[in-house]
2 protein chains.
Amino acid sequence: MMRIGEVARRAGVTPRALRYYEEKGLLRARRDHNGYRVYEEDTVHAARNIARLLRAGLSSEDVARFGDCLRRERMDPSPDCAALLEVYTARLAMLDRRIEALTELRGRLAEEARRLRAAMAAHASDPDRSPGRREPVQA
Amino acid sequence: MMRIGEVARRAGVTPRALRYYEEKGLLRARRDHNGYRVYEEDTVHAARNIARLLRAGLSSEDVARFGDCLRRERMDPSPDCAALLEVYTARLAMLDRRIEALTELRGRLAEEARRLRAAMAAHASDPDRSPGRREPVQA
DNA sequence: TATGGGCTTGACGCCGGCGTCAAGGTCAAG
DNA sequence: CTTGACCTTGACGCCGGCGTCAAGCCCATA
(Lines give C-alpha, C1' and ligand atoms only; values in the text may rest on other atoms or scores of the structure.)
Protein backbone atom coordinates (compact mmCIF):
# COMPACT_ATOMS: atom_id res chain seq x y z
CA MET A 1 0.00 0.00 0.00
CA MET A 2 1.67 3.11 -1.23
CA ARG A 3 0.70 6.48 -2.47
CA ILE A 4 1.45 7.93 -5.85
CA GLY A 5 4.74 9.59 -5.00
CA GLU A 6 6.35 6.43 -3.76
CA VAL A 7 5.17 4.37 -6.71
CA ALA A 8 6.51 7.05 -9.01
CA ARG A 9 9.91 7.10 -7.37
CA ARG A 10 10.21 3.34 -7.28
CA ALA A 11 9.05 2.90 -10.85
CA GLY A 12 11.10 5.73 -12.21
CA VAL A 13 8.21 7.72 -13.61
CA THR A 14 6.37 10.88 -12.58
CA PRO A 15 3.10 11.07 -10.65
CA ARG A 16 1.66 12.81 -13.66
CA ALA A 17 2.49 9.83 -15.82
CA LEU A 18 0.80 7.48 -13.35
CA ARG A 19 -2.38 9.54 -13.43
CA TYR A 20 -2.21 9.54 -17.19
CA TYR A 21 -1.83 5.78 -17.28
CA GLU A 22 -4.86 5.45 -15.04
CA GLU A 23 -6.84 7.81 -17.25
CA LYS A 24 -5.98 5.63 -20.21
CA GLY A 25 -7.04 2.48 -18.39
CA LEU A 26 -3.55 1.08 -18.05
CA LEU A 27 -3.58 1.21 -14.29
CA ARG A 28 -6.14 1.01 -11.53
CA ALA A 29 -5.97 2.61 -8.13
CA ARG A 30 -8.09 2.45 -5.02
CA ARG A 31 -8.70 5.50 -2.95
CA ASP A 32 -7.90 6.23 0.64
CA HIS A 33 -10.49 7.86 2.93
CA ASN A 34 -9.07 11.25 1.99
CA GLY A 35 -9.21 10.67 -1.73
CA TYR A 36 -5.55 9.83 -2.17
CA ARG A 37 -4.73 7.09 -4.62
CA VAL A 38 -3.52 3.89 -2.99
CA TYR A 39 -1.54 1.30 -4.90
CA GLU A 40 -0.58 -2.33 -4.52
CA GLU A 41 3.00 -3.46 -4.64
CA ASP A 42 2.79 -4.86 -8.14
CA THR A 43 1.83 -1.47 -9.47
CA VAL A 44 5.50 -0.64 -9.41
CA HIS A 45 6.14 -3.43 -11.89
CA ALA A 46 3.16 -2.39 -13.95
CA ALA A 47 4.30 1.21 -14.15
CA ARG A 48 7.78 0.13 -15.13
CA ASN A 49 6.41 -2.18 -17.80
CA ILE A 50 4.09 0.44 -19.15
CA ALA A 51 6.83 3.02 -19.41
CA ARG A 52 9.09 0.49 -21.08
CA LEU A 53 6.51 -0.49 -23.65
CA LEU A 54 5.63 3.11 -24.40
CA ARG A 55 9.27 4.01 -24.83
CA ALA A 56 9.52 0.99 -27.06
CA GLY A 57 7.04 2.57 -29.40
CA LEU A 58 3.80 0.88 -28.46
CA SER A 59 0.77 3.09 -28.13
CA SER A 60 -1.13 3.35 -24.88
CA GLU A 61 -3.95 1.58 -26.64
CA ASP A 62 -1.68 -1.33 -27.40
CA VAL A 63 -0.40 -1.40 -23.87
CA ALA A 64 -3.92 -1.39 -22.50
CA ARG A 65 -4.47 -4.78 -24.08
CA PHE A 66 -1.75 -6.26 -21.93
CA GLY A 67 -4.08 -5.95 -18.96
CA ASP A 68 -3.03 -7.69 -15.79
CA CYS A 69 -0.01 -9.16 -17.47
CA LEU A 70 1.61 -5.82 -16.84
CA ARG A 71 1.57 -6.42 -13.13
CA ARG A 72 4.05 -9.25 -13.26
CA GLU A 73 7.63 -8.24 -12.80
CA ARG A 74 8.80 -10.22 -15.74
CA MET A 75 5.85 -10.29 -18.07
CA ASP A 76 5.92 -14.02 -18.46
CA PRO A 77 3.32 -15.28 -20.82
CA SER A 78 0.49 -17.50 -19.81
CA PRO A 79 -2.64 -18.55 -21.63
CA ASP A 80 -4.71 -15.72 -20.20
CA CYS A 81 -2.28 -13.32 -21.77
CA ALA A 82 -2.73 -14.60 -25.28
CA ALA A 83 -3.64 -11.12 -26.45
CA LEU A 84 -0.02 -10.24 -25.97
CA LEU A 85 0.85 -12.31 -28.95
CA GLU A 86 -1.57 -10.52 -31.20
CA VAL A 87 -0.27 -7.20 -30.05
CA TYR A 88 3.30 -8.22 -30.56
CA THR A 89 2.59 -9.65 -33.96
CA ALA A 90 0.69 -6.62 -35.18
CA ARG A 91 3.34 -4.34 -33.82
CA LEU A 92 6.11 -6.27 -35.44
CA ALA A 93 4.40 -5.86 -38.77
CA MET A 94 4.09 -2.14 -38.13
CA LEU A 95 7.72 -1.89 -37.18
CA ASP A 96 8.68 -3.74 -40.30
CA ARG A 97 6.73 -1.29 -42.38
CA ARG A 98 8.29 1.67 -40.63
CA ILE A 99 11.76 0.26 -40.94
CA GLU A 100 11.20 -0.45 -44.58
CA ALA A 101 9.94 3.07 -45.20
CA LEU A 102 12.87 4.61 -43.40
CA THR A 103 15.30 2.39 -45.21
CA GLU A 104 13.86 3.33 -48.54
CA LEU A 105 14.03 6.99 -47.60
CA ARG A 106 17.58 6.51 -46.50
CA GLY A 107 18.38 5.09 -49.87
CA ARG A 108 16.89 8.05 -51.65
CA LEU A 109 18.70 10.56 -49.50
CA ALA A 110 21.94 8.68 -49.85
CA GLU A 111 21.51 8.68 -53.60
CA GLU A 112 20.91 12.42 -53.66
CA ALA A 113 23.90 12.98 -51.43
CA ARG A 114 26.00 10.85 -53.74
CA ARG A 115 24.93 12.82 -56.78
CA LEU A 116 25.63 16.01 -54.97
CA ARG A 117 29.08 14.96 -53.93
CA ALA A 118 29.96 13.82 -57.42
CA ALA A 119 28.75 17.02 -59.01
CA MET A 120 30.63 19.12 -56.53
CA ALA A 121 33.81 17.22 -57.11
CA ALA A 122 33.42 17.72 -60.84
CA HIS A 123 32.74 21.34 -60.21
CA ALA A 124 35.76 21.80 -58.00
CA SER A 125 38.10 20.36 -60.57
CA ASP A 126 36.56 22.44 -63.33
CA PRO A 127 39.24 24.93 -64.44
CA ASP A 128 36.68 27.57 -65.57
CA ARG A 129 35.35 27.86 -62.11
CA SER A 130 35.83 30.12 -59.14
CA PRO A 131 39.47 31.17 -59.15
CA GLY A 132 39.87 32.20 -55.54
CA ARG A 133 37.60 29.68 -53.93
CA ARG A 134 39.55 28.51 -50.91
CA GLU A 135 37.46 26.20 -48.72
CA PRO A 136 37.75 22.56 -49.58
CA VAL A 137 34.51 20.68 -50.00
CA GLN A 138 33.77 19.55 -46.53
CA ALA A 139 32.56 16.00 -46.11
CA MET B 1 3.70 34.99 -63.21
CA MET B 2 1.06 32.90 -61.58
CA ARG B 3 -1.14 33.08 -58.57
CA ILE B 4 -1.26 30.63 -55.77
CA GLY B 5 -3.90 28.31 -57.17
CA GLU B 6 -2.04 27.61 -60.36
CA VAL B 7 1.25 27.01 -58.60
CA ALA B 8 -0.53 24.66 -56.25
CA ARG B 9 -2.11 22.68 -59.06
CA ARG B 10 1.07 22.47 -61.05
CA ALA B 11 3.18 21.53 -58.08
CA GLY B 12 0.69 19.08 -56.68
CA VAL B 13 0.25 20.74 -53.31
CA THR B 14 -2.46 22.87 -51.71
CA PRO B 15 -2.52 26.66 -51.50
CA ARG B 16 -2.47 26.26 -47.75
CA ALA B 17 0.78 24.39 -47.99
CA LEU B 18 2.30 27.13 -50.11
CA ARG B 19 1.36 29.77 -47.57
CA TYR B 20 2.81 27.59 -44.88
CA TYR B 21 6.06 27.22 -46.80
CA GLU B 22 6.23 30.96 -47.17
CA GLU B 23 5.57 31.45 -43.48
CA LYS B 24 8.44 29.12 -42.74
CA GLY B 25 10.77 30.97 -45.07
CA LEU B 26 10.94 28.21 -47.65
CA LEU B 27 9.33 30.29 -50.34
CA ARG B 28 9.06 33.94 -51.27
CA ALA B 29 6.26 35.64 -53.11
CA ARG B 30 5.70 39.10 -54.46
CA ARG B 31 2.35 40.74 -54.28
CA ASP B 32 0.04 42.01 -56.92
CA HIS B 33 -1.67 45.39 -56.60
CA ASN B 34 -4.62 43.69 -54.96
CA GLY B 35 -2.60 41.79 -52.42
CA TYR B 36 -2.60 38.48 -54.25
CA ARG B 37 0.58 36.48 -54.15
CA VAL B 38 2.44 36.34 -57.45
CA TYR B 39 4.98 33.66 -58.21
CA GLU B 40 7.75 33.03 -60.69
CA GLU B 41 7.86 29.96 -62.84
CA ASP B 42 10.55 28.25 -60.82
CA THR B 43 8.33 28.33 -57.76
CA VAL B 44 6.62 25.28 -59.14
CA HIS B 45 9.87 23.39 -58.94
CA ALA B 46 10.57 24.78 -55.53
CA ALA B 47 7.20 23.73 -54.19
CA ARG B 48 7.61 20.27 -55.64
CA ASN B 49 11.05 19.96 -54.13
CA ILE B 50 9.92 21.18 -50.76
CA ALA B 51 7.03 18.75 -50.64
CA ARG B 52 9.31 15.93 -51.70
CA LEU B 53 11.85 16.70 -49.04
CA LEU B 54 9.24 17.05 -46.34
CA ARG B 55 7.66 13.77 -47.33
CA ALA B 56 11.13 12.34 -47.26
CA GLY B 57 11.32 13.13 -43.59
CA LEU B 58 13.29 16.35 -43.54
CA SER B 59 12.03 19.10 -41.28
CA SER B 60 11.02 22.48 -42.65
CA GLU B 61 14.03 23.87 -40.86
CA ASP B 62 16.25 21.50 -42.77
CA VAL B 63 14.57 22.36 -46.00
CA ALA B 64 14.98 26.07 -45.33
CA ARG B 65 18.72 25.62 -45.53
CA PHE B 66 18.40 24.52 -49.14
CA GLY B 67 17.61 28.09 -50.05
CA ASP B 68 17.59 28.96 -53.70
CA CYS B 69 18.73 25.49 -54.64
CA LEU B 70 15.12 24.50 -54.26
CA ARG B 71 14.18 26.56 -57.28
CA ARG B 72 16.06 24.41 -59.73
CA GLU B 73 14.06 21.68 -61.30
CA ARG B 74 16.65 19.10 -60.69
CA MET B 75 18.36 20.30 -57.57
CA ASP B 76 21.73 20.05 -59.11
CA PRO B 77 24.43 20.96 -56.73
CA SER B 78 26.75 23.85 -57.13
CA PRO B 79 29.25 25.37 -54.73
CA ASP B 80 26.72 27.78 -53.28
CA CYS B 81 24.58 24.84 -52.32
CA ALA B 82 27.18 23.15 -50.19
CA ALA B 83 24.82 23.20 -47.24
CA LEU B 84 22.78 20.54 -48.96
CA LEU B 85 25.44 18.01 -48.29
CA GLU B 86 25.59 18.80 -44.60
CA VAL B 87 21.87 18.50 -44.32
CA TYR B 88 21.79 15.20 -46.12
CA THR B 89 24.63 13.84 -44.08
CA ALA B 90 23.13 14.86 -40.79
CA ARG B 91 19.80 13.49 -41.82
CA LEU B 92 21.24 10.21 -42.91
CA ALA B 93 22.84 9.84 -39.52
CA MET B 94 19.49 10.53 -37.89
CA LEU B 95 17.78 8.01 -40.08
CA ASP B 96 20.41 5.47 -39.25
CA ARG B 97 19.84 6.05 -35.56
CA ARG B 98 16.11 5.73 -35.95
CA ILE B 99 16.39 2.61 -38.03
CA GLU B 100 18.78 1.12 -35.56
CA ALA B 101 16.48 1.90 -32.65
CA LEU B 102 13.50 0.43 -34.42
CA THR B 103 15.45 -2.64 -35.39
CA GLU B 104 16.58 -3.18 -31.85
CA LEU B 105 13.05 -2.76 -30.63
CA ARG B 106 11.87 -5.18 -33.26
CA GLY B 107 14.36 -7.68 -31.96
CA ARG B 108 13.14 -7.32 -28.40
CA LEU B 109 9.52 -7.63 -29.39
CA ALA B 110 10.26 -10.63 -31.56
CA GLU B 111 12.07 -12.24 -28.68
CA GLU B 112 9.17 -11.68 -26.33
CA ALA B 113 6.76 -13.01 -28.92
CA ARG B 114 8.92 -16.08 -29.35
CA ARG B 115 8.99 -16.74 -25.63
CA LEU B 116 5.27 -16.28 -25.46
CA ARG B 117 4.60 -18.66 -28.30
CA ALA B 118 6.88 -21.27 -26.80
CA ALA B 119 5.22 -21.04 -23.41
CA MET B 120 1.81 -21.35 -24.95
CA ALA B 121 2.83 -24.35 -26.99
CA ALA B 122 4.20 -26.03 -23.88
CA HIS B 123 0.98 -25.28 -22.17
CA ALA B 124 -1.08 -26.71 -25.00
CA SER B 125 0.86 -29.95 -25.15
CA ASP B 126 0.69 -30.36 -21.38
CA PRO B 127 -1.09 -33.72 -20.89
CA ASP B 128 -3.05 -32.36 -17.93
CA ARG B 129 -4.26 -29.62 -20.16
CA SER B 130 -5.20 -30.66 -23.64
CA PRO B 131 -7.63 -33.55 -23.86
CA GLY B 132 -7.80 -33.79 -27.64
CA ARG B 133 -4.83 -32.81 -29.72
CA ARG B 134 -6.60 -30.56 -32.16
CA GLU B 135 -5.51 -27.43 -33.95
CA PRO B 136 -1.90 -26.39 -33.81
CA VAL B 137 -1.23 -23.17 -31.99
CA GLN B 138 -2.05 -20.44 -34.44
CA ALA B 139 0.83 -18.28 -35.58
C1' DT C 1 -1.05 27.28 15.12
C1' DA C 2 1.61 27.71 11.35
C1' DT C 3 4.50 25.50 8.07
C1' DG C 4 5.38 22.70 4.40
C1' DG C 5 5.26 18.52 1.71
C1' DG C 6 2.21 15.45 -0.61
C1' DC C 7 -2.08 14.88 -2.60
C1' DT C 8 -6.39 16.21 -5.59
C1' DT C 9 -8.79 17.78 -10.21
C1' DG C 10 -8.76 20.80 -14.24
C1' DA C 11 -6.84 22.65 -18.03
C1' DC C 12 -3.51 24.64 -21.24
C1' DG C 13 1.13 23.87 -23.73
C1' DC C 14 4.08 21.36 -26.88
C1' DC C 15 5.53 19.71 -31.64
C1' DG C 16 4.82 19.67 -37.21
C1' DG C 17 2.61 20.19 -41.25
C1' DC C 18 -0.70 21.38 -42.65
C1' DG C 19 -6.67 20.78 -42.92
C1' DT C 20 -10.43 23.37 -42.36
C1' DC C 21 -13.58 26.77 -41.23
C1' DA C 22 -14.69 31.97 -40.95
C1' DA C 23 -15.35 36.48 -42.74
C1' DG C 24 -14.41 39.27 -46.26
C1' DG C 25 -11.96 41.54 -50.64
C1' DT C 26 -11.34 41.14 -56.12
C1' DC C 27 -12.62 40.59 -60.60
C1' DA C 28 -14.32 38.59 -65.11
C1' DA C 29 -18.42 36.82 -67.15
C1' DG C 30 -23.43 36.73 -67.85
C1' DC D 1 -25.75 44.11 -60.74
C1' DT D 2 -24.95 39.43 -59.39
C1' DT D 3 -22.80 35.34 -59.34
C1' DG D 4 -19.05 32.59 -58.28
C1' DA D 5 -14.26 31.40 -58.62
C1' DC D 6 -10.20 32.80 -56.51
C1' DC D 7 -7.76 35.37 -53.28
C1' DT D 8 -6.64 37.37 -48.32
C1' DT D 9 -5.54 36.93 -42.98
C1' DG D 10 -6.57 34.72 -38.59
C1' DA D 11 -7.23 31.07 -35.83
C1' DC D 12 -8.53 26.52 -34.06
C1' DG D 13 -7.97 21.26 -34.71
C1' DC D 14 -5.20 17.14 -34.82
C1' DC D 15 -2.28 13.44 -32.41
C1' DG D 16 0.27 11.37 -27.97
C1' DG D 17 2.36 11.42 -23.82
C1' DC D 18 2.88 13.68 -20.77
C1' DG D 19 5.04 18.82 -18.49
C1' DT D 20 3.57 22.41 -16.01
C1' DC D 21 0.97 25.67 -13.73
C1' DA D 22 -3.22 26.81 -10.69
C1' DA D 23 -6.08 26.52 -6.70
C1' DG D 24 -7.00 24.10 -2.91
C1' DC D 25 -7.36 19.90 0.59
C1' DC D 26 -4.87 16.58 4.18
C1' DC D 27 -1.84 15.77 7.68
C1' DA D 28 2.48 15.32 10.51
C1' DT D 29 5.64 18.03 12.90
C1' DA D 30 7.85 22.11 15.43
Side-chain angles (χ1 to χ4, degrees), chain A residues 1-39 43 46-66 70 87 91 94-95 98 101-102 105, chain B residues 1-39 43 46-66 70 87 91 94-95 98 101-102 105:
Chain A
M1 299 310 189
M2 316 162 274
R3 292 181 303 183
I4 201 168
E6 192 179 344
V7 175
R9 271 192 305 278
R10 289 176 53 188
V13 302
T14 64
R16 177 68 177 95
L18 291 176
R19 293 192 198 100
Y20 177 74
Y21 297 159
E22 184 177 345
E23 189 186 325
K24 291 295 170 178
L26 309 181
L27 234 44
R28 276 157 293 162
R30 282 175 306 170
R31 299 306 184 113
D32 208 346
H33 66 94
N34 52 15
Y36 288 12
R37 287 174 178 80
V38 177
Y39 299 91
T43 305
R48 246 185 229 293
N49 285 328
I50 292 169
R52 243 189 49 218
L53 294 168
L54 288 179
R55 271 196 308 265
L58 298 194
S59 69
S60 59
E61 213 172 333
D62 284 341
V63 177
R65 305 185 53 196
F66 282 62
L70 290 166
V87 176
R91 213 56 185 190
M94 262 210 45
L95 283 179
R98 281 169 58 184
L102 284 182
L105 161 60
Chain B
M1 298 309 189
M2 317 162 274
R3 291 182 304 183
I4 201 168
E6 191 180 343
V7 175
R9 270 192 307 278
R10 291 177 51 188
V13 302
T14 65
R16 177 68 178 93
L18 292 176
R19 291 191 200 101
Y20 177 74
Y21 297 160
E22 185 178 345
E23 190 186 325
K24 291 296 171 176
L26 310 181
L27 234 45
R28 275 156 293 161
R30 282 174 308 167
R31 298 307 183 113
D32 208 346
H33 67 94
N34 51 16
Y36 288 12
R37 287 174 179 80
V38 176
Y39 299 91
T43 305
R48 246 186 228 294
N49 285 328
I50 292 170
R52 244 187 48 217
L53 294 169
L54 289 179
R55 272 196 308 265
L58 299 194
S59 69
S60 60
E61 214 172 334
D62 284 342
V63 177
R65 304 184 53 197
F66 282 62
L70 291 165
V87 175
R91 213 58 184 191
M94 261 207 47
L95 282 179
R98 281 170 58 186
L102 284 182
L105 163 60

Each nucleotide N or O in nucleotides 21-23 of chain D that has a protein N or O under 3.5 Å away: list the pair and distance.
none

Between the protein and nucleotides 2-5 of chain C, list the N/O to N/O atom pairs that are separated by less than 3.5 angstrom.
none

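Here the side chains of A:V63 and A:N49 are not in contact, with every heavy-atom distance at 4.5 Å or above.
Within 4.0 Å (heavy atoms only), A:R31 reaches sugar-phosphate atoms of the nucleic acid but no base atom.
Taking atom CG of residue A:L53 and atom C1' of nucleotide D:dG17, one finds them 14 Å apart after rounding to whole Å. The interatomic distance linking A:Y39 (OH) with C:dG6 (P) rounds to 16 Å, in whole Å. We find that CG of A:D32 is positioned 12 Å from P of C:dC7, with the value rounded to whole Å.
Within residues 10-25 of chain B, the residues having any heavy atom under 4.0 Å from DNA chain D are, by residue number, B:R16, B:R19.
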Could you list the donor-acceptor pairs under 3.5 angstrom formed by side chains in residues 4-25 of chain A, with sequence neighbours left out?
{"residue": "A:R10", "atom": "NH2", "partner": "A:E41", "partner atom": "OE1", "Å": "3.0"}
{"residue": "A:T14", "atom": "OG1", "partner": "A:A17", "partner atom": "N", "Å": "3.1"}
{"residue": "A:E22", "atom": "OE1", "partner": "A:R37", "partner atom": "NE", "Å": "2.7"}

Between A:L27 and A:I50, is a side chain to side chain contact (heavy atoms under 4.5 Å, CB included) present by the stated rule, with each step listed?
-> CA-CA 9 Å; A:L27 234 44; A:I50 292 169; 3.5 Å; yes
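Note on residues 25-36 of chain A: pairs passing side-chain hydrogen bond (donor to acceptor under 3.5 Å, both in side chains), not counting sequence neighbours, are A:R28-A:D68, A:R30-A:E40.
Distances shown here put a side-chain N or O of B:S60 below 4.0 Å from the OP1 or OP2 atom of C:dG17.
Comparing the start and finish of the helix from C:dT1-D:dA30 to C:dG30-D:dC1, five pairs each, the helix axis swings through 50°, to the nearest 10 degrees.
In this structure, B:S59 contributes its side chain and B:D62 its backbone to a donor-acceptor pair below 3.5 Å.
Positionally, the nearest nucleotide of DNA chain C for B:A51 lies more toward the 5' end than for the other of B:A51 and B:H33.
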